[in-house]
A.B. asks: 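The structure follows.
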Amino acid sequence: MIWNPLAECQSLKDRQRLQSDRLGTLVDRVYRRVPFYRQKMDALGIKPSDIQSIADIAKLPFTSKDELRQTYPYGLLACRREELVEIHTSSGTTGTPVVGAYTAADIELWSEVMGRTLTMAGCKKGDTVQNAYGYGLFTGGLGVHYGARKIGANVIPISSGNTRRQLAIMKDFGTTLLACTPSYALYMAESAREEGFDLKDFPLKAGCFGAEPWSSGMRSQIEASLGISAHDIYGLTEIIGPGVSAECSCKEGLHVNEDVFYPEIIDPLTGQPLPDGQKGELVITSLTREGSPLIRYRTRDITYLIRETCSCGRTTVRMHRLLGRTDDLLIIRGVNVFPSQIEHVLTRIEGTQPHYQIVVDRGATYLDEIEVHVEVEEAIFSDVTGTLEKLKKTIHDELKSELGLSALIKLVEPKAIQRSEGKAKRIIDKRTL
Ligand code: DLL
């Protein structure tokens with residue numbers, strides 16, 4: 001099913017016209033109402049009348065995360081304070097939090113795009129959605145909540161944590177769709193096994209997982225251990241929260257809701273737009289937001305765009321699942337390493353679990369050292385016949401061929417790596433630069 005065929009299956013020509021109109025209105029609005037944008041446009045000598053179509057977007061300046069921080073909390077507001085109905089922020093673990101401010105129309109927009117997201121995972125009226133994303137300032141909880149309400153599904157607002165209770169609720173209430181981070185979904189499956197039941201016996205049929213990177217290998221493990229179809233969903237606080245893009249049943253990239261969130265890919269070093277299919281930094285313009293619209297926001301997320309029409313019938317452009325972040329890039333002895341590459345290798349190797357941590361340190365020789373801690377399956381861990389040593393060598397060799405780097409491998413027993421109920425912590429960088 002498609003939630004909004006008019007928007008999601010629109011002809012390219014009609015969509016471009018709509019995007020052009022919306023961009024014009026947005027630029028007018030922020031030029032009049034947000035001094036930050038007026039000054040940036042004036043500095044470049046651009047007037048709202050220079051923006052005639054969506055193709056003119058490249059004339060506009062970027063917005064960076066640092067600028068959001070400098071204007072915290074209300075500097076980029078494009079409406080009156082009393083028009084706001086809700087505020088969210090990022091967790092702020094890496095600095096001043098970034099703010100998303102919503103008017104009633106913004107909440108309606110969020111409900112609409114999350115309705116599309118859940119529908120892509122096969123969710124419909126009558127389904128029971130167990131929403132194990134955190135409720136609160138984090139956008140995962142309320143985003144899924146609004147989407148489920150929009151399409152008439154029944155939402156259980158359990159929030160994250162208390163895994164035993166999650167499983168009891170799932171069993172008692174007959175949950176059909178689970179929403180949480182992918183790492184938490186795996187943790188739930190593991191806990192269910194320990195409690196002596198199998199999630200495959202539950203009526204659960206699908207899951208909407210996102211908010212952190214995960215690989216196709218991890219998807220296979222989730223699908224097998226929960227007996228469901230696992231869908232990748234993407235978004236960020238600055239733009240709206242979840243609801244920017246999501247996977248349909250074809251799972252060949254995430255459909256971007258481009259009638260409202262216009263995507264571009266740029267070279268992160270030069271800022272130059274890149275053609276479809278080429279990997280770079282995702283830049284998003286929120287075309288219809290009222291509270292905190294952003295123009296050409298640099299997400300720091302790396303992906304590429306896929307323009308061909310999907311066999312599901314939606315005509316919206318797709319983005320490949322995230323390939324990394326410009327600021328997650330680890331540079332180890334000059335070699336560029338994304339944690340996603342490591343996960344990709346690990347999930348290919350029999351006997352390992354997709355629970356891992358990457359520890360980077362600088363040894364006595366001042367050379368970077370990378371140590372990958374990997375959980376192995378119980379049976380292998382207790383094996384005394386040298387299987388562990390063989391596995392260690394396999395992981396070492398496969399990582400070396402993928403990354404061109406020798407990593408120290410530490411195999412750890414099941415559950416040795418701390419589980420997370422929200423976003424998993426994969427990297428521990430101990431280097432002091
Ligand atoms: O994580 C919003 C969200 C909630 C998305 C629930 C999906 C599901 P932030 O906390 O602002 O917002 O973090 C945004 O998380 O820039 C990406 O780097 C990362 N991220 C989000 N979704 C995915 C995904 C929410 N599907 C940042 N795959 C983004 C990989 C993701 N990374």
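Quick caveat, the model's predicted, so the values are computed rather than measured. Numbering of ligands and ligand atoms starts at 1, following listing order. Keep in mind that the numbers below use all heavy atoms, side chains included, and drop hydrogens, waters and symmetry copies.
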A.B. asks: Among V244, D327, L236, which one has a heavy atom closest to atom 12 (O) of ligand 1?
C.D. replies: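 It is L236 whose heavy atom sits nearest to atom 12 (O) of ligand 1.
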A.B. asks: Could you check whether the rings of H320 and Y304 sit parallel, tilted or perpendicular, using 30° and 60° as the cut-offs?
C.D. replies: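 Answer is parallel, since the angle falls under 30°.
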A.B. asks: Inspect the contact between R193 and E190 and indicate whether a charged nitrogen and a carboxylate oxygen are less than 4.0 angstrom apart.
C.D. replies: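 Salt bridge absent between E190 and R193.
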A.B. asks: Looking only at heavy atoms, is any part of R300 under 4.0 Å from ligand 1, and if so is it the side chain, the backbone, or both, or is it neither?
C.D. replies: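 It is neither part, as no heavy atom is under 4.0 Å.
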A.B. asks: Given that the side chain starts at C-beta and the backbone is N, CA, C, O, which of these parts of L322 lies under 4.0 Å from ligand 1, counting heavy atoms, or is it both or neither?
C.D. replies: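 Within the 4.0 Å criterion, L322 contacts ligand 1 through side-chain atoms alone.
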A.B. asks: Return the orientation label for the W214 and F209 ring planes: parallel under 30°, perpendicular over 60°, tilted otherwise.
C.D. replies: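 Ring orientation of W214 relative to F209: perpendicular.
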A.B. asks: Starting from atom 11 (O) of ligand 1, locate the nearest protein heavy atom and write down its residue, its atom name and how far away it is, to 0.1 Å.
C.D. replies: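 Heavy-atom neighbour on the protein nearest atom 11 (O) of ligand 1: T237 OG1, 2.5 Å.
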A.B. asks: How far is atom 7 (C) of ligand 1 from its nearest protein heavy atom, and which residue and atom is that?
C.D. replies: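 Looking at atom 7 (C) of ligand 1, the protein heavy atom closest to it is A211 N, 3.3 Å.
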A.B. asks: Whether D201 and K171 form a salt bridge (side-chain N of Lys/Arg under 4.0 Å from carboxylate O of Asp/Glu) is what I want to check.
C.D. replies: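 No, this pair does not count.
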A.B. asks: Only heavy atoms of D232, strictly under 4.0 Å: list the atoms of ligand 1 that pass.
C.D. replies: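 Near D232, the atoms of ligand 1 are 24 (C), 26 (N).
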A.B. asks: Closest by any non-hydrogen atom to atom 25 (C) of ligand 1: pick that one out of G235, G140, P242.
C.D. replies: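 Considering heavy atoms of G235, G140, P242, the nearest to atom 25 (C) of ligand 1 sits in G235.
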A.B. asks: Identify, for atom 28 (N) of ligand 1, the protein heavy atom at the shortest distance, and state residue, atom and that distance.
C.D. replies: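 The protein heavy atom lying closest is E212 O, 3.2 Å.
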A.B. asks: Taking the basic N atoms (NZ, or NE/NH1/NH2) and the acidic carboxylate oxygens, is any pair closer than 4.0 Å for E375 and R419?
C.D. replies: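 Yes, this pair counts.
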A.B. asks: What orientation do Y102 and W110 show, parallel under 30°, tilted 30 to 60°, or perpendicular over 60°?
C.D. replies: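 Answer is parallel, since the angle falls under 30°.
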A.B. asks: Give me the nearest non-hydrogen protein atom to atom 18 (O) of ligand 1 as residue plus atom name, then the distance to 0.1 Å.
C.D. replies: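 Of every protein heavy atom, D301 OD1, 2.7 Å lies nearest to atom 18 (O) of ligand 1.
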A.B. asks: Between K423 and ligand 1, which residue portion shows a heavy-atom distance shorter than 4.0 Å: side chain, backbone, both, or neither?
C.D. replies: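 The part of K423 near ligand 1 is the side chain, not the backbone.
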A.B. asks: Salt-bridged, E369 to R362, with N to O below 4.0 Å?
C.D. replies: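 No, this pair does not count.
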